[in-house]
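Just the heavy atoms: all of them, side chains too, but no hydrogens, waters or symmetry mates, feed the values below. By convention in this document, chain letters (A, B, ...) are assigned in the order of the sequence lines, proteins followed by strands, and residues within each chain are numbered from 1.
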Amino acid sequence: MKIGYPCINRSLGCSSSKTFRLKSYSENLLIEKINNNLDCLLKILKYNREHNILFFRISSDLIPFASHPVCTYDWKKLFKEKIKNIGYFIRENQIRISMHPDQFTLINSPDEDIFKRSKRELQYHADILALMGLDSSAKIQIHVGGVYGDKEKSITRFIKRYKKLSKKIKEHLVIENDEKSYCLADCLNLSARINIPVLFDVFHHSLYNNKESLKAAFVLFSKTWSLRDGVPLVDYSSQAQAKRSGSHTESIDLNDFTGFIKEVEKFDFDLMLEIKDKEKSVLKVMHKLKLSGKTKKTTKKA
DNA sequence: AGTTGTCAAGCTAGT
DNA sequence: ACTAGCTTGACAACT
């Protein structure tokens with residue numbers, strides 16, 4: 001099992017998701033941010049490697065406005081080498097990668113324009129993975145989307161739209177259960193119809209489910225991952241068991257966590273910890289599970 | 001230097 | 001018909 005964290009490292013003092021206002025868009029500013037973000041991403045990945053953290057979610061803001069019409073700059077061509085180099089580091093160290101386009105990426109929206117924009121956004125994510133030379137075990141996770149007053153219709157629309165996506169997108173795309181519209185059972189239903197892997201969010205499942213136990217859930221979503229998809233991915237967060245509403249736990253609750261791990265220890269999966277203090281919680285957990293500590297020397301290939 | 005409002009993109013529930 | 005909340009970091013415009 002690899003354990004990872006999303007997008008931001010709090011120990012390094014750099015950010016790989018620096019952006020700027022659309023109003024102040026300029027090519028120079030864009031280039032500056034891309035350079036910063038790519039440099040920082042490599043720095044984070046090196047930090048992770050040193051701490052034996054081999055799973056990471058790359059920020060969707062890596063290339064600001066990448067899929068926006070305002071961005072006519074050919075970043076794919078001009079940053080090709082730099083991105084390729086990061087990809088080399090990822091592959092060399094067998095780091096698992098995921099990405100998570102945000103809430104505006106909706107492939108089942110009745111609005112055709114929203115779908116078109118979403119498709120462009122997904123293509124941008126797939127382009128990054130392709131430039132890095134990553135295979136189909138690198139995943140782009142999205143939610144199923146809105147219900148729009150008719151869930152079955154919206155699921156059917158998802159399927160129709162999914163079929164229009166490029167092969168490059170489909171190779172990486174997985175769906176994740178959410179906390180109010182599409183639960184695990186809905187995702188499984190969809191998966192059975194278009195053969196898309198289901199990424200399991202433990203926290204969302206606890207809020208919205210069909211009464212499947214954790215173990216039953218693991219059996220079910222694990223089956224949706226084939227060999228080429230890599231080990232199944234799971235998101236875990238320990239926020240919002242709020243004693244006061246709105247209060248988030250700053251760091252991971254190790255008791256909760258060990259309880260969770262014990263229940264599913266027979267399963268093989270990579271785990272994304274969505275916790276505010278990011279890598280600190282990962283290190284805590286790895287220490288607890290005795291996965292962490294020393295830097296392992298890798299054998300270099302090619 | 002520190003604080004607060006706002007930011008490309010959307011859905012939903014509550015009014 | 002309209003708006004706040006979602007979740008959250010970071011920019012931008014203020015003290």
Hey, what are the protein-to-nucleotides 3-7 of chain B N/O distances that come in under 3.5 Å?
residue: B/dT6; atom: O2; partner: A/R21; partner atom: NH2; Å: 2.9
residue: B/dC7; atom: O4'; partner: A/R21; partner atom: NE; Å: 3.3

(request) Would you check, one step at a time, whether the test ring-ring contact (aromatic ring centres under 6.0 Å, His included) holds for A/Y236 with A/F257? (result) CA-CA 9 Å; A/Y236 180 95; A/F257 182 78; 5.4 Å; yes
(message) For DNA chain C, please output the secondary structure as dot-bracket, reading 5' to 3'. Pairs are Watson-Crick or G-U wobble, both atom distances under 3.5 Å; mark crossing pairs with [ ], other-strand partners with |, unpaired with a dot.
(response) ||||||..|||||||
(request) Check whether the ring centres of A/Y208 and A/H204 lie less than 6.0 Å apart, and answer yes or no. (result) no
(message) So if I define the base as every atom that isn't primed, P, OP1 or OP2, how would nucleotides 9-15 of chain B read as a B/S/- string at a heavy-atom cutoff under 4.0 Å?
(response) BBSS---
(message) What I want to find out is whether A/K82 reaches A/D39 closely enough, with some N-O distance under 4.0 Å, to be called a salt bridge.
(response)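 Yes, charged N to carboxylate O under 4.0 Å.
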(message) Looking at A/E274 and A/R57, is there a salt bridge between them, counting it only when a charged N and a carboxylate O are closer than 4.0 Å?
(response)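 So A/R57 pairs with A/E274 through a salt bridge.
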For a quick test of reading the model: is some side-chain N or O of [X] closer than 4.0 Å to OP1 or OP2 of [N]?
| X | N | answer |
| --- | --- | --- |
| A/T19 | C/dG9 | no |
| A/S24 | C/dC11 | no |
| A/K18 | C/dA10 | no |

(message) If we ignore hydrogens and angles and just use 3.5 Å, is the side chain of A/D256 paired with the main-chain N or O of A/D253 as donor and acceptor?
(response)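 It does not hold such a pair.
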(request) Flag yes if A/I8 and A/I86 sit in one hydrophobic cluster, no otherwise; membership is Ile, Leu, Val, Met, Phe, Trp, Tyr, and two members link when side-chain heavy atoms are under 4.5 Å apart. (result)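 No; A/I86 is not reachable from A/I8 via cluster members.
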Output the rounded distance in Å from [atom1] ([X]) to [atom2] ([N]).
| X | N | atom1 | atom2 | result |
| --- | --- | --- | --- | --- |
| A/K33 | B/dA8 | NZ | P | 14 Å |
| A/H204 | C/dC6 | NE2 | C1' | 11 Å |
| A/K119 | B/dA8 | NZ | P | 25 Å |
| A/E274 | C/dG9 | CD | P | 12 Å |
| A/R57 | C/dT8 | CZ | C1' | 13 Å |
| A/R120 | B/dA8 | CZ | P | 16 Å |
| A/E32 | C/dC11 | CD | C1' | 13 Å |

Expressed in whole Å, how much space separates the [atom1] atoms belonging to [N] and [M]?
| N | M | atom1 | value |
| --- | --- | --- | --- |
| B/dA8 | C/dA13 | P | 12 Å |
| C/dA4 | B/dG5 | P | 14 Å |
| C/dT3 | B/dT6 | P | 14 Å |
| B/dT12 | C/dG9 | C1' | 23 Å |

(message) I need the minimum non-hydrogen distance between A/G146 and A/L106, along with the two atoms involved.
(response)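 Between these two residues, the closest heavy atoms are N-CD2, 4.0 Å.
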(message) Within the structure provided, determine whether A/L131 and A/K76 are in side-chain contact (heavy-atom separation under 4.5 Å).
(response) yes
(request) Could I get the full list of ring pair (Phe, Tyr, Trp, His ring centres under 6.0 Å) partners for A/F218, not counting sequence neighbours? (result) A/F200, A/F221, A/F267, A/F269
(message) Parallel, tilted or perpendicular, judged at 30° and 60°: which one describes the rings of A/F20 and A/F65?
(response) tilted
(request) Report which part of the nucleic acid A/R10 touches: base, sugar-phosphate, or nothing (heavy-atom distance under 4.0 Å, all strands). (result)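 Result for A/R10 = sugar-phosphate.
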(request) Determine which pairs satisfy side chain to side chain donor-acceptor pair (under 3.5 Å) with at least one residue from residues 115-126 of chain A, sequence neighbours left out, and list them in order. (result)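 Found A/S60-A/H125, A/S67-A/E121, A/Q123-A/D127, A/Q123-A/S166.
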(request) Could you note down all residue pairs passing disulfide (SG to SG under 2.5 Å) where residues 17-134 of chain A supplies at least one of them, sequence neighbours left out? (result) A/C14-A/C40
